[in-house]
Amino acid sequence: MELPKAYDPKEAEERWYAFWESRHYFDGNVNERKKPFAIVIPPPNVTGELHIGHALNNTLQDIVIRYKRMDGYEACWFPGTDHASIAVHVLIERGLAKRELDDLLRQIGYPVPQEKRPLTRYDLGREYFIKLGWAWKERYGSRIREQLRALGCSCDWRRESFTLDEARSRAVTEVFVRLYEEGFIYRGDRLINWCPRCQTVLSDLEVEHEETEGQLYYIRYPLEGGDGFVTVATTRPETMLGDTGVAVHPEDERYQELIGKFVILPLLGRKIPIIADKAVDKEFGTGAVKVTPAHDPIDFEIGRRHGLKIINIFKADATTNEHAGPYRDLERYQARRRVIEDLKAQGLLERVEPHRHALGHCQRCHTVIEPLISTQWFVRMKELAEPAIKVIESGEIQFIPERWTKIYFDWMRNIRDWPISRQLWWGHRIPAWHCADCKGITVARQAPPSCSKCGSKNIAQDEDVLDTWFSSALWPFSVMGWPNQTPELKYFYPTQLLSTGHDIIFFWVARMIMMGLHFMKSIPFERVFFHPIVKDERGQKMSKSKGNVIDPLEMKEKYGMDALRLTLAALCAQGKEMRLSVQDIEGYKKFLNKLWNAARFSLMSLQGSQLTDFSCEKTSLGLEDRWILSRLSRTIAQTRESLERYEFNHAAKGLYEFVWHDFCDWYLEMIKPRLYGTDVATKTPAQQVLFVLLTDILKLLHPFIPFITEEIWQRLPHKTAESVMIAEYPKVRPEWLDEHAEQTMHRLQTLITAIRTIRSEMNVPPQKRAKVFIKAEASDVQQIVHDYKIFFEELAQAGEISIGPSIERPKNAPRMVLEWAEVFIPLEGLLDLHQEYKRLQQELKKARAGLEATLRKLDNPDFLARAPEEIIEKEKRKAREFKEKVERLEQNLQLLQG
RNA sequence: GGGCGCUUAGCUCAGCGGGAGAGCGUCCGCCUUACACGCGGAAGGCCAGAGGUUCGAAUCCUCUAGCGCCCACCA
């Protein structure tokens, strides 16, 4: 079947995806006759849009899963999306405030007010808010799925999950209850990170530190009973309203007499003690520090050690409360200004210094974090982390690249308890019920009829939801139906690969390992591949505001998805970032065009052939056949090895190189005479080999560029499978390896290139036949020229060829000097001797340098004594070759001058 | 403050102990019936710097410089 002149990705991509799906190729089923290969998708946020990072990660996963599927595994890729508790919550709040969600509100039956702006979640109430969340999910949730399909992802869509769906919620509840019963989950007062905008607690990971230009304020605290004062330094003067002590280092001579005395807190007049604590740094500031246990993590610890009072001066929105006395009901920075003004007025502000320090910001809304004391639910992590450290140490789970293990260990060995409650509405509600009478808490899988402590029916469910990463941590087994003991769990768990970005190694990877080990008693995945972060061509992060984003769907529109996929694979080296530009995609698109045309040519050449035998019997094969089969075998091996190591760049580039340069540039050109000819004895084997090459190339490339390979596959005259997607991935064929053919071919290529170089440099018109003289002593070189004359004629436009050991350079003939031959082409016009001289000089210089370097080694007794035998042999051979080349060049230069 | 990574051809990067590579870009010549999204050819590099290990270093070790990232409770 013939191919159209150009490939149209738009039409083909959709058609083939539908075809694959209708044939159930994506389905992974429990199948005891096959080995399973499972991947669980990192669930994109349900309201997300497919960005280039998704495109990369999901392309890589699809490459692996398609490869494994073709290679005989029962492959299953579990898809799904994440409810993204806080991210979605914040988006909805924003949408409400801007009144952008009115239509959704009407849809869920909420009486939308005319005027009110901003609209808040408190106006809606919890029930409507959650309804709105689901309506939102319905509207936007399918978008990301459609985009993954456009990418070509061969997910088993029957198994799609959502972290907030019923089955996953059951898993969440089960895990919470069990961890609570086992004592891992507790509720307590801790100093936590509070986002005053989102009005929720955040884990340390959700806080981003940023260097900020701030000020260090030196404030005098008068000593009790008269003269003198202690000067403390602080970046947050307003928190002095909550000070309950002043601390110095126990060994600080300056303050020895003051320890145990009291100061009077300015502005509020509270009497607070001076205490000694080793946490204080003598060198910083004045060596005396104000202690605000309610609003600073270190102070909290100091306060605890010394039994200091805890005075919280902030409300949930970080405005001051009644404890701030005259400064109550002020926004925190306003309070700071007022406090400073008043201190200054009272002469208690000694000085202010500029001071750079890191400030925590909310990951979602970028508001400055306020450390606060609050009652929250926590998971005790230490004990859960220990086995999770061991499985990495032992290699049971392998990180790729390996360096991420160190980062993992550092975090896991210093792990802190995980605050899991969030004061949000969109998410998994905590399965705990508080009793208004006895204040007891009942944790249960379902709403209990009464308090388990006192039996009172006066109970209400905890208001909080769980950190979104809590459900993500269960993902590898929750998508397989846990807590039910499903056949899928038994067969597909643990999965073989997790592919993700390194930015969520703590958020997600570490927690999945801990939860998997705890609840499944086994690792969740065998390998974790950390893909690089995609940056623009200048190494800058892509962002909409910078206008440097590369939108996958736009690229699909312009170049086709295969082009993007291949580019991403080809650039995916195991570094930390990948620089991507549209030009790269354009470049790989050209490869697809090349492939398309090579396929067109091949199919045309196979037309009408009655091929039945593809055994490629060596006896009937030409040099070029044996060579390309040998190269194919190596390429298969290299592709497989690279894929096993997740070296996608090597796999993609190896195939690119092989297809373009070996197959197209040399092989196809070399077999043209046979294909155009009518001699069945040479034509048929060429067609056989061509067919084998084409089918194997399609199969090898299919995981990278599924659409175009299928489009071509379907036009093959003798399909070995109804789809390339389910064809068997090529296996290494050792019997095809042919060192001799490769060596001979290499010499042939070198000679042809030498002729082409002379022709090109001397401006011999391309179509003009040229007489060629080759001086070569070695009989095998003479043999090559003799046997493969046709290739010199076809590929180098050679006319008559004279070869022999005593060939003389004809007059007016520029030359190429090789290690084992000299090539001359007589010119009709005048030869530019100067140019020729320069070129030969340059080559001589190189050859001499090479010779010297080699001889230096061979003259070194240590080298001869210590280097391995084969290296010495190699150096000797090199020396001979260089020497010969140098001699030939010298002779030629001499002749040139003479 | 701790840790990690990078520095190779004009650009983007491979190579990570034995003769400096690719793609893009540049230059030259070609519309040769698969492909001008192409074909053929060429130019271009003391592999950041300094020490060390080794018979041998772009490749391993140490230090320095520049760039980037992550973690962190010096107020």
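Chain A is the first sequence line, chain B the second, and so forth, proteins listed ahead of strands; every chain is numbered from 1.
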TODO: For B/C4, take OP1 and OP2 only and decide whether either is under 4.0 Å from a side-chain N or O of A/Arg403.
DONE: no
Open item on the list: Over all strands shown, is A/Glu537 touching base, sugar-phosphate only, or nothing at heavy-atom distances under 4.0 angstrom?
Closed with: sugar-phosphate
Open item on the list: With a 6.0 Å cut-off on the ring centroids, do A/His502 and A/Phe399 count as close?
Closed with: no
Open item on the list: Expressed as a whole number of angstroms, how long is the span from A/Glu843:CD to B/A42:C1'?
Closed with: 12 Å
- [ ] Would you mind classifying the nucleic acid contact of A/Glu208 as base, sugar-phosphate or nothing, using non-hydrogen atoms under 4.0 angstrom?
- [x] nothing
Open item on the list: Over all strands shown, is A/Asp281 touching base, sugar-phosphate only, or nothing at heavy-atom distances under 4.0 angstrom?
Closed with: base
Open item on the list: Once hydrogens and angles are ignored, does a donor-acceptor distance under 3.5 Å link the base of B/A14 to the side chain of A/Glu647?
Closed with: no
Open item on the list: Between B/C11 and B/C55, how far apart are the two C1' atoms, rounded to whole Å?
Closed with: 38 Å
Open item on the list: Rounding to an integer number of angstrom, what distance separates B/U12 and B/U64 when you compare their C1' atoms?
Closed with: 27 Å
- [ ] For B/C70 versus B/A48, give the span between their C1' atoms, rounded off to a whole number of Å.
- [x] 24 Å
Open item on the list: Let's see if you can work this out: which of B/G3, B/G19, B/A72 has an atom nearest to the side-chain heavy atoms of A/Lys406?
Closed with: B/G3
- [ ] Could you check whether A/His355 gets within reach of a base, just the sugar-phosphate, or nothing at all, counting any heavy atom under 4.0 Å?
- [x] sugar-phosphate
Task: Base B/C55 to side chain A/Lys857, donor-acceptor N/O within 3.5 Å cut-off - done: no
- [ ] Remember a base hit wins even if backbone is also touched, and classify A/Phe882 as base, sugar-phosphate or nothing at under 4.0 Å, heavy atoms.
- [x] base
Open item on the list: If I pick the C1' atom on B/A72 and the same atom on B/C4, what distance separates them, to the nearest angstrom?
Closed with: 14 Å
Open item on the list: Counting the atoms with a prime plus P, OP1 and OP2 as sugar-phosphate, which does A/Glu669 contact under 4.0 Å by heavy atoms, base, sugar-phosphate, or nothing?
Closed with: base
Open item on the list: Students often get this wrong, so: under 4.0 angstrom with heavy atoms, is A/Pro868 touching a base, only sugar-phosphate, or nothing?
Closed with: base
Task: Contact under 4.0 Å: A/His502 side-chain N or O vs B/G5 OP1/OP2 - done: no
- [ ] For B/C47 versus B/A9, give the span between their C1' atoms, rounded off to a whole number of Å.
- [x] 10 Å
- [ ] Tell me what A/Asp584 touches on the nucleic acid: a base, only sugar-phosphate, or nothing, going by heavy atoms under 4.0 Å.
- [x] nothing
Open item on the list: Using the rule ring pair (Phe, Tyr, Trp, His ring centres under 6.0 Å), only one of A/Tyr656, A/Phe663, A/Phe658 pairs with A/Trp660; which is it?
Closed with: A/Tyr656
Task: Check: A/Arg815 main-chain N/O paired with A/Arg839 side-chain donor or acceptor under 3.5 Å - done: yes
Open item on the list: Within the 4.0 Å heavy-atom criterion, would you say A/Glu761 contacts the bases, only the backbone, or no part of the nucleic acid?
Closed with: sugar-phosphate
- [ ] Could you check whether A/Ala573 gets within reach of a base, just the sugar-phosphate, or nothing at all, counting any heavy atom under 4.0 Å?
- [x] sugar-phosphate
Open item on the list: Looking at B/G23, I'd like to know if its phosphate oxygens (OP1 or OP2) sit under 4.0 Å from a side-chain N or O belonging to A/His661.
Closed with: yes
TODO: Please check the phosphate of B/C35 (OP1 and OP2 only) for any side-chain N or O of A/Lys5 closer than 4.0 Å.
DONE: yes
